[in-house]
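Report on the structure given below.
In what follows, every heavy atom counts, from backbone to side chain, and hydrogens, waters and symmetry copies are set aside.
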Amino acid sequence: MTVMARSQLPLPLWRTGKVREVYEVDAEHLLLMASDRVSAFDVVMAEPVPRKGAVLTQLSAFWFEKLAAVVPSHFITARSAEIVARIPALAAHRDQLNGRAMLVRRTEPVAFECVVRGYLSGSAWAEYRKSGTLAGEPLPGGLLESDRLEPPIFSPATKAESGHDINVPESVVAEALGSATAKALREASFDVYRAGRNHAATRGIIIADTKFEFGYDEAGTLRLIDEVMTPDSSRFWPADGYQAGQSQPSFDKQPRRDYLASLKQKGQWNGETPPPALPAEVVNATSRRYLEAFRRITGADLPEDA
């Protein structure tokens with residue numbers, strides 16, 4: 001599989017995100033194309049990561065199929081042969097589609113990311129260490145970095161096409177969308193997280209936190225959309241090495257985050273665009289982590305044609 005920084009398909013381009021192009025298929029369907037672009041600290045890097053787009057697509061497909069009985073989703077198929085059968089105009093573009101393409105139902109996206117935190121890490125730990133709060137709401141005292149949070153915490157955030165997402169209290173979601181919608185998002189997020197956490201535990205993986213996106217279809221059904229419990233949207237920790245009170249090794253985008261964090265600490269990068277160049281060893285380490293996350297969670301290697 002060749003590295004693909006950006007797809008180019010003979011369909012109307014609906015939108016471009018940090019790592020995906022979304023194409024219009026018809027009035028009811030969209031095609032998501034996951035490139036090998038990567039981001040860190042909400043900034044897109046210049047260097048693509050080999051096979052990363054296929055991991056995101058195929059791991060999301062795995063979860064969408066596994067969680068179908070837990071929550072409805074926008075997922076239809078991520079099999080290139082089925083996509084070409086439905087969209088014959090893409091027949092000559094199988095090299096781009098293989099592994100990276102996902103056909104989905106159209107929805108109206110909800111304007112918040114639904115983050116579930118099962119462990120105290122990342123930006124949540126940074127805020128807690130400073131003020132004892134998360135999104136301004138108090139948490140119990142005496143917690144350590146990477147402590148398990150039981151029950152998990154629903155921690156919504158604003159969605160940003162560029163720049164940084166911002167953690168907000170659940171009350172902000174209720175004010176913007178109504179209390180019924182906020183409750184539905186919270187409950188669906190917990191249902192998906194618990195199902196995913198339980199499966200990952202059987203594979204020796206802790207899903208420390210993850211973010212979901214939801215949208216409403218024309219019938220008013222709330223559906224899980226975008227990607228699900230991937231290395232881009234989650235923190236995956238090896239369960240056999242877990243120890244509270246410290247940062248954890250992970251199977252996600254941590255190699256590049258660690259490298260970039262060191263540059264920020266040294267004052268060599270301000271965390272904004274343009275980003276610094278990623279060394280080859282960081283790119284390769286990231287690719288290996290993504291592939292290992294896929295293998296551990298699904299129990300199979302990513303196919304060579306994906």
Problem - Nearest-0.5 Å distance that lies between atom OG1 in T16 and atom CZ in R6 - result: 5.5 Å
Practice task
Measure the spacing between CG of L302 and CZ of F294 and express it to the nearest 0.5 Å.
Solution key: 5.0 Å
Practice task
Check whether any side-chain N or O of T158 sits under 3.5 Å from a backbone N or O of I166 as a donor-acceptor pair, and report yes or no.
Solution key: yes
Practice task
Inspect the surroundings of CD in E65 and state if more than 12 heavy atoms from other residues, nucleotides or ligands are less than 6.0 Å away.
Solution key: yes
Practice task
Answer with yes or no whether the hydrophobic clustering places W14 together with I87; edges join I, L, V, M, F, W, Y residues whose side-chain heavy atoms lie under 4.5 Å apart.
Solution key: no
Problem - Flag side-chain contact, heavy atom, 4.5 Å: V192 against T210 - result: no
Fill in the blank from the handout: Between P238 and P249, the two heavy atoms sitting closest are CD-O, 3.1 Å
Fill in the blank from the handout: Taken in chain and number order and not counting sequence neighbours, the residues that satisfy ring pair (Phe, Tyr, Trp, His ring centres under 6.0 Å) with H93 are none
Exercise for the section: Report yes or no: do F214 and L67 belong to one cluster of Ile/Leu/Val/Met/Phe/Trp/Tyr joined by side chain heavy-atom distances under 4.5 Å? Expected result: yes
Problem - Atom NZ of K264: over 12 foreign heavy atoms under 6.0 Å - result: yes
Handout entry: Heavy-atom check, side chain of L97 versus side chain of L9, under 4.5 Å
Key = yes
Exercise for the section: Kindly determine whether E21 and R37 satisfy salt bridge (Lys or Arg N to Asp or Glu O under 4.0 Å), including the steps that lead there. Expected result: CA-CA 11 Å; E21 287 82 51; R37 298 192 302 273; 2.6 Å; yes
Name each donor-acceptor pair under 3.5 Å that joins a side chain in residues 169-177 to protein atoms two or more places apart or in another chain, with its distance.
from	atom 1	to	atom 2	distance (Å)
E170	OE1	R186	NE	3.2

Practice task
Take K52 and V19 through the side-chain contact (heavy atoms from CB on, under 4.5 Å) test and state the conclusion after the steps.
Solution key: CA-CA 10 Å; K52 181 253 191 178; V19 300; 3.3 Å; yes
Practice task
Side-chain contact test, heavy atoms from C-beta onward, threshold under 4.5 Å: evaluate it for M45 versus L260 and give yes or no.
Solution key: yes
Completion exercise
side chain to side chain donor-acceptor pair (under 3.5 Å) pairs touching residues 124-134, sequence neighbours excluded, are E127-T133, S131-T133
Practice task
Side-chain contact test, heavy atoms from C-beta onward, threshold under 4.5 Å: evaluate it for P48 versus S35 and give yes or no.
Solution key: no
Exercise for the section: Mind checking the CG-OG spacing from D258 to S247? Nearest 0.5 Å is all I need. Expected result: 7.5 Å
Practice task
Report yes or no: does E213 contribute a side-chain atom to a donor-acceptor pair with the main-chain N or O of D226 at less than 3.5 Å?
Solution key: no
Exercise for the section: Determine whether more than 12 heavy atoms belonging to other residues, nucleotides or ligands lie under 6.0 Å from atom CZ of R79. Expected result: no
Handout entry: Under 3.5 Å donor-acceptor, R223 side chain and P72 backbone
Key = no
Problem - Check: S60 side chain, T57 main-chain N or O, donor-acceptor pair, under 3.5 Å - result: no
Handout entry: Within residues 139-148 or reaching into it, pairs that qualify as salt bridge (Lys or Arg N to Asp or Glu O under 4.0 Å) - sequence neighbours excluded
Key = R148-E150
Problem - Hydrophobic cluster membership, L11 vs L32, 4.5 Å side-chain cutoff - result: no
Practice task
Measure the spacing between CZ of F212 and CH2 of W63 and express it to the nearest 0.5 Å.
Solution key: 9.0 Å
Practice task
Using a 4.5 Å cut-off on heavy atoms from C-beta on, say whether the side chain of R197 contacts that of P152.
Solution key: yes
Problem - Polar side-chain atom of R256 near backbone of S39 as donor-acceptor pair, under 3.5 Å - result: yes
Exercise for the section: Say whether, by atom type as modelled, one donor and one acceptor occur between the side chain of Q248 and the main chain of Q246 under 3.5 angstrom. Expected result: yes
Handout entry: Residues I297, H199; criterion side-chain contact (heavy atoms from CB on, under 4.5 Å); working and verdict
Key = CA-CA 8 Å; I297 289 173; H199 170 78; 4.2 Å; yes
Completion exercise
Heavy atoms of P50 and S287 approach each other most closely as O-OG, 2.9 Å
Practice task
May I ask you to decide if R296's main-chain N or O and R203's side chain share a donor-acceptor pair within less than 3.5 Å?
Solution key: yes
Exercise for the section: Please step through salt bridge (Lys or Arg N to Asp or Glu O under 4.0 Å) for the pair D36 and R100, ending with a clear verdict. Expected result: CA-CA 9 Å; D36 294 326; R100 297 188 176 99; 2.8 Å; yes
Practice task
Please work out whether the ring planes of W237 and Y242 are parallel, tilted or perpendicular, with thresholds of 30° and 60°.
Solution key: parallel
Exercise for the section: Report the C-alpha separation of L103 and H29 in whole Å, then their side-chain angles, then the decisive distance to 0.1 Å, and conclude whether the side-chain contact (heavy atoms from CB on, under 4.5 Å) test is met. Expected result: CA-CA 7 Å; L103 184 66; H29 303 94; 4.1 Å; yes
Exercise for the section: Mind listing the closest non-hydrogen atom pair of W269 and A40 along with its distance? Expected result: CH2-O, 4.3 Å
Problem - Heavy-atom check, side chain of L59 versus side chain of M229, under 4.5 Å - result: no
Exercise for the section: For the residue pair L224 and V70, establish whether any side-chain heavy-atom pair is separated by less than 4.5 Å. Expected result: no
Exercise for the section: With the side chain counted from C-beta on, respond yes when R235 and S250 share a heavy-atom pair under 4.5 Å apart, and no when they do not. Expected result: no
Problem - A219: side chain to side chain contact (heavy atoms under 4.5 Å, CB included) partners, not counting sequence neighbours - result: D217, T221
Practice task
Taking Y193 for its side chain and I207 for its backbone only, find out whether a donor-acceptor pair lies under 3.5 Å.
Solution key: yes
Exercise for the section: For atom CD of E82, decide whether the heavy atoms of other residues, nucleotides or ligands shown that lie under 6.0 angstrom number more than 12. Expected result: yes
Practice task
Starting from the C-alpha separation in whole Å, work towards a yes-or-no answer on side-chain contact (heavy atoms from CB on, under 4.5 Å) for Y23 and M33.
Solution key: CA-CA 8 Å; Y23 295 90; M33 287 292 296; 3.8 Å; yes
Handout entry: Electrostatic pair R295-E292, nearest N-O below 4.0 angstrom
Key = yes
Exercise for the section: Flag yes if more than 12 heavy atoms outside E24 fall under 6.0 Å of its CD atom; otherwise flag no. Expected result: yes
Handout entry: Qualifying residues under ring pair (Phe, Tyr, Trp, His ring centres under 6.0 Å), relative to F75, sequence neighbours excluded
Key = F64
Completion exercise
One should read off an interatomic distance between L56 CG and T230 OG1, to the nearest 0.5 angstrom, of 5.0 Å
Practice task
Any chance you could measure F154, atom CZ, to L134, atom CG, to the nearest 0.5 Å?
Solution key: 11.5 Å
Exercise for the section: State plainly whether one hydrophobic cluster holds both L30 and Y216, where clusters connect Ile, Leu, Val, Met, Phe, Trp and Tyr through side-chain heavy atoms under 4.5 angstrom apart. Expected result: yes
Handout entry: same_hphob_cluster(V283, L263) at 4.5 Å side-chain heavy-atom cutoff
Key = yes
